[in-house]
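Naming: A, B, ... by sequence-line order, numbering from 1 per chain.
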Amino acid sequence: MKQFAYARPADREEAVAMVSGSPGARYLAGGTNLVDLMRLGVAGPDLLVDVSALLPSGVQEQPDRGLLIGAGTPNSDLAADERIRRDHPVLSQALLAGASGQLRNMATVGGNLLQRTRCVYFTDVTKPCNKREAGSGCPARTGAHRDLAVLGASEACIATHPSDMAVALAALDARVHVSGSDGDRVLALDDFYRLPGEDPSRDTTLKHGDLVTAVEIPLASALTRRSAYRKARDRASYAFALGSVAVALEVSGTTVRDVRIAFGSLAHRPWRARTAEDALRGAPATADAFSAAVEVELGAAAPLPDNAFKVPLARNLAVSVLSALLEEAPR
Amino acid sequence: MTATTDAPTRTGTHPRVEGLDKVTGRARYAYEYAADEVAYAWPVTASVGAGEVRGVDVDGALAQPGVLAVLWHGNAPSLADVGDSKVAVLQSPVVAFRGQVVALVVASTSEQAREVATTLTVTYDSREPDVVLRADHPTLYRPESVNGGYSTDSVIGDAVAEFDACPVQVDATYTTPPEHNHPMEPHASTAVWGDGRLTVYDSSQGGNAVRSTLSTLFGIDRELVRVVTSHVGGGFGSKGMPRAGVVLAVMAARQVDRPVKVALTRQHLFDLVGYRTPTIQRVRLGADPDGRLRSIDHQALEQTATVEEFAEQSVAATRVMYAAAHRRTAHRLVRLDVAVPSWMRAPGETPGMYALESAMDELAVATGVDPVELRIRNDPDVDPETGARFSSRNLVACLTLGAQRFGWAGRDPEPGVRREGRWLVGTGMASSTYPTYATAASCRAGVDPDGGYDIAINATDIGTGARTAMLLVAADTLGVDPSQVRVRVGDTDLPQAGLAGGSMGTTSWGMAVEKACRELLEAVRAAGGVVDERIEVAVDTKAEIAAQAELSRHAFGAQFVEARVDIDTGEVRAPRMVGMFAAGRIVNARTARSQLIGGMTMGLSMALHEEGVPDAAFGGFTNHDLSTYHVATVADVGDIDVGWIDEVDDDVNTIGTKGIGEIGIVGTAAAVANAVYHATGVRVRDLPITLDKTGQLA
């Protein structure tokens with residue numbers, strides 16, 4: 001394993017300064033993804049700045065502004081939080097659908113947002129990958145792509161983002177708090193992730209040295225309280241999604257009053273299905289309407305031979321969860 | 001969760017004798033033995049799919065901190081040729097497959113060795129690899145024989161002509177992917193040279209083969225080599241013979257004149273320790289309308305490496321399963337630029353019985369005969385190919401009792417019609433079989449004046465409970481309480497015995513233990529029944545093995561599965577499985593139950609999850625870890641209920657055991673696939689049965 005330095009700065013400012021000032025430095029929190037990538041040679045930092053002790057941990061209620069989740073909060077703690085389970089069940093369910101109990105105990109909210117794709121070419125340094133090594137090529141299009149992107153991909157990259165949690169956060173309109181060398185800022189999750197385009201090396205819009213300090217989710221509502229996450233994968237537990245969906249639904253009589261739909265494992269980022277949402281708001285709350293709206297959203301899909309199944313899978317996931325939420329909705 | 005039948009007379013039940021050592025960390029595994037001045041070696045593996053190594057930057061690597069040696073074929077010591085490419089490491093420039101060992105870095109710490117190994121500059125002449133098995137491959141050939149010494153082809157009558165004449169025909173092709181062994185403990189070795197002697201602590205299924213191979217490779221007298229295998233964390237066939245890791249450890253230790261440890265990583269295991277060949281199998285069954293088979297035709301296409309032939313005996317089980325006058329079975333291979341396939345979890349029976357038992361289900365559908373009844377109707381009285389008598393054959397009892405236990409009676413054969421909520425529900429079954437092997441073994445048994453008995457035999461306990469089984473065989477023969485007997489295994493200093501493989505450990509070792517204990521009792525009787533001083537006997541079973549009559553020796557079983565398929569996602573679950581086995585005498589009910597449940601779990605895993613994915617562009621496999629090579633998790637395993645019949649077989653061998661290590665896996669995948677068909681109406685003929693294949697994602 002490559003030699004590297006390890007530092008535990010006293011506070012956030014010092015941490016940001018250390019990483020900002022050193023191109024080879026990386027933040028370390030739970031380490032559940034970074035350490036694996038270091039073992040594989042995919043990541044080779046020369047300085048690890050351990051922020052696990054100084055990132056805020058826990059869920060804080062902010063009057064009139066919703067919940068502020070410390071970036072150092074273990075995934076398992078967040079999943080178990082009573083307010084999350086009651087008011088934002090989609091988030092708790094998404095967290096519990098991810099990884100294993102042991103990993104969720106170690107993994108932090110900030111690290112979960114920033115985990116890298118599990119594309120088999122990205123994790124194998126003996127093969128080309130544009131995300132790992134710009135310009136080296138993407139063998140996935142003609143190779144192993146069964147679990148890769150069907151939406152928003154580019155010629156350069158068809159990687160998917162592996163997080164379950166981020167899909168729920170996308171549906172909840174979460175915002176990400178970031179500390180950088182220029183100070184603090186808050187980004188909508190939509191502006192946090194990006195599509196690969198011609199530069200797949202970057203998963204997010206963050207600059208080197210930016211530190212995720214918290215995630216904010218807006219005030220709970222009737223919509224967020226009736227929300228759910230469903231994930232389909234190659235085994236019952238401990239596998240990344242082949243497709244997943246985070247959904248929230250509010251109905252008024254027989255009409256959709258408001259709805260949120262976000263897909264996981266279809267793209268380089270959580271895929272907020274705004275086209276489908278717009279089509280459904282005010283539409284009849286029926287399985288047929290759900291299906292039609294989602295079909296329009298997925299009309300943009302450009303699948304490859306081995307991942308074409310993801311399109312009907314995503315549709316079925318969304319329709320099944322919307323229908324289940326509808327059944328339990330008060331009229 | 002599970003239940004077993006009432007324990008028959010000679011079945012004991014005893015916890016693992018080393019259980020406490022294992023759960024408290026006292027049990028030492030190969031990598032954990034301390035040695036002074038130990039160094040660490042890290043294999044460098046080929047990053048091209050095929051070609052030749054041109055050069056290695058040895059000087060650059062030696063300049064790195066802690067590096068003691070860098071070996072490659074250009075400077076590695078010559079090894080004697082033992083005709084096994086897997087241990088002929090660093091002997092040739094040829095890169096036969098991606099992931100092959102091309103160099104070795106030895107350093108003072110594991111971290112140094114690993115860092116230098118992963119950054120070592122190796123130059124190659126490479127060519128495009130050919131790694132994909134396909135039915136129309138132009139270089140398919142007929143191997144001389146297949147693994148286990150079985151004949152490549154077997155032809156009785158005219159299977160094709162008879163098939164053409166049959167009123168009911170099933171003609172289907174089934175495929176299985178490469179499957180990897182992945183024991184919990186990856187392969188590891190600690191090699192120590194001293195005073196001209198070599199001691200190796202090795203993670204192996206059999207130390208004697210390791211000793212023989214090392215002694216020949218390195219030209220050292222057998223008696224000067226000791227291989228210790230006290231505790232081994234699983235093998236599944238991949239540790240059945242010595243492999244690259246142990247040879248590299250010994251080579252490096254000699255080179256740097258220090259003890260050396262080598263531990264393979266999970267990534268290495270995909271390429272360096274064997275795997276199951278993918279198979280393409282065509283099965284043709286011709287039958288009368290009542291389901292009676294007239295013709296059985298089963299051909300398997302498999303792959304092997306360019307540097308070595310391994311031909312899995314995939315259709316061997318078809319030769320013993322069912323009666324039919326006309327039969328043809330055959331194996332064909334293609335040499336590809338792939339790692340050498342090898343023994344993996346019931347080699348032969350596992351993929352072959354997936355195909356045969358799926359085809360039998362298709363025949364049941366075609367004839368309208370119940371799948372259990374169909375198998376009973378075709379059960380032969382004698383071995384259908386050799387005409388030999390079965391030492392015992394209780395497939396029908398397994399089918400009948402298993403069906404009762406599962407609640408098979410009254411099953412509606414109509415597929416795709418049962419719904420519970422969002423699940424389609426179905427049931428399926430399949431037969432199991434595994435041959436009973438035995439090899440000669442030697443054993444020492446002694447008794448001391450304090451009344452303590454001790455047994456010494458170089459058996460290997462790879463986590464199966466072998467120590468405990470030998471303890472119970474000894475106590476049963478001696479007529480004493482197990483607490484009076486001590487068993488030593490896992491060391492070539494002990495009397496020689498064969499490997500833990502082929503489901504023959506308990507039989508082969510047990511025959512020797514039983515004989516030693518009998519002779520010890522006679523020696524005690526001859527001494528007047530008084531033990532004033534230690535009495536010891538040493539035996540071997542060469543005569544017993546040589547004297548075995550020409551019989552057909554096989555264990556049998558029947559498996560039943562309930563499968564559920566999600567109508568939204570196509571995901572498959574198997575909430576309930578029943579296995580009923582007839583495997584001769586069961587020595588230890590407690591560990592036997594675990595082994596059978598484990599076998600069925602592996603079968604479930606094969607059915608739904610396991611898939612090595614060849615990398616057509618770069619060679620090797622695209623998946624290289626357990627997050628991309630899925631095995632069943634606890635959440636995938638439902639209620640597994642295993643039982644066995646009290647099969648007394650005095651003819652099979654001198655202790656009446658048939659072996660239970662592998663039969664649990666055989667047939668499970670077919671039972672799952674058949675249940676998925678019953679649930680959905682979709683016949684999946686291509687493992688694993690992933691959600692995209694179950695017909696729900698239109």
Heavy-atom cut-off 4.5 Å, strictly under: side chain, backbone, both or neither for [X] against chain A?
X: B:Q696; result: backbone
X: B:D625; result: neither
X: B:V634; result: neither
X: B:L697; result: both
X: B:A117; result: neither

Open item on the list: So which residue, B:T119, B:V48, B:D615, ends up with the most heavy-atom pairs under 4.5 Å with chain A?
Closed with: B:D615
For [X] against [Y], the heavy-atom pair lying closest together:
X: B:V631; Y: A:R235; answer: O-NH1, 2.6 Å
X: A:A236; Y: B:D636; answer: N-OD1, 2.7 Å
X: A:A239; Y: B:H630; answer: CB-NE2, 3.8 Å

Open item on the list: If you count every heavy atom of other residues, nucleotides or ligands that lies below 6.0 Å from A:Y238 atom OH, does the total exceed 12?
Closed with: no
Can you measure from [atom1] ([X]) to [atom2] ([Y]) and round to the nearest 0.5 angstrom?
X: B:H624; Y: A:L40; atom1: NE2; atom2: CG; result: 11.0 Å
X: B:D692; Y: A:L242; atom1: CG; atom2: CG; result: 7.5 Å
X: B:H609; Y: A:R233; atom1: NE2; atom2: CZ; result: 11.5 Å

Open item on the list: Given 3.5 Å as the limit, does a donor-acceptor pair link the side chain of A:N316 with the main chain of B:T569, or not?
Closed with: no
Task: A:R39 side chain to B:T265 side chain, donor-acceptor N/O pair below 3.5 angstrom - done: no
TODO: Among B:D568, B:D566, B:I567, find the residue that satisfies the side chain to side chain contact (heavy atoms under 4.5 Å, CB included) test when tested with A:S320.
DONE: B:D568
Task: Check: A:R146 and B:V613 side chains under 4.5 Å, non-hydrogen atoms - done: no
- [ ] Please lay out, stage by stage, how A:D234 and B:E611 fare under the test side chain to side chain contact (heavy atoms under 4.5 Å, CB included).
- [x] CA-CA 11 Å; A:D234 276 330; B:E611 181 174 22; over 6 Å; no
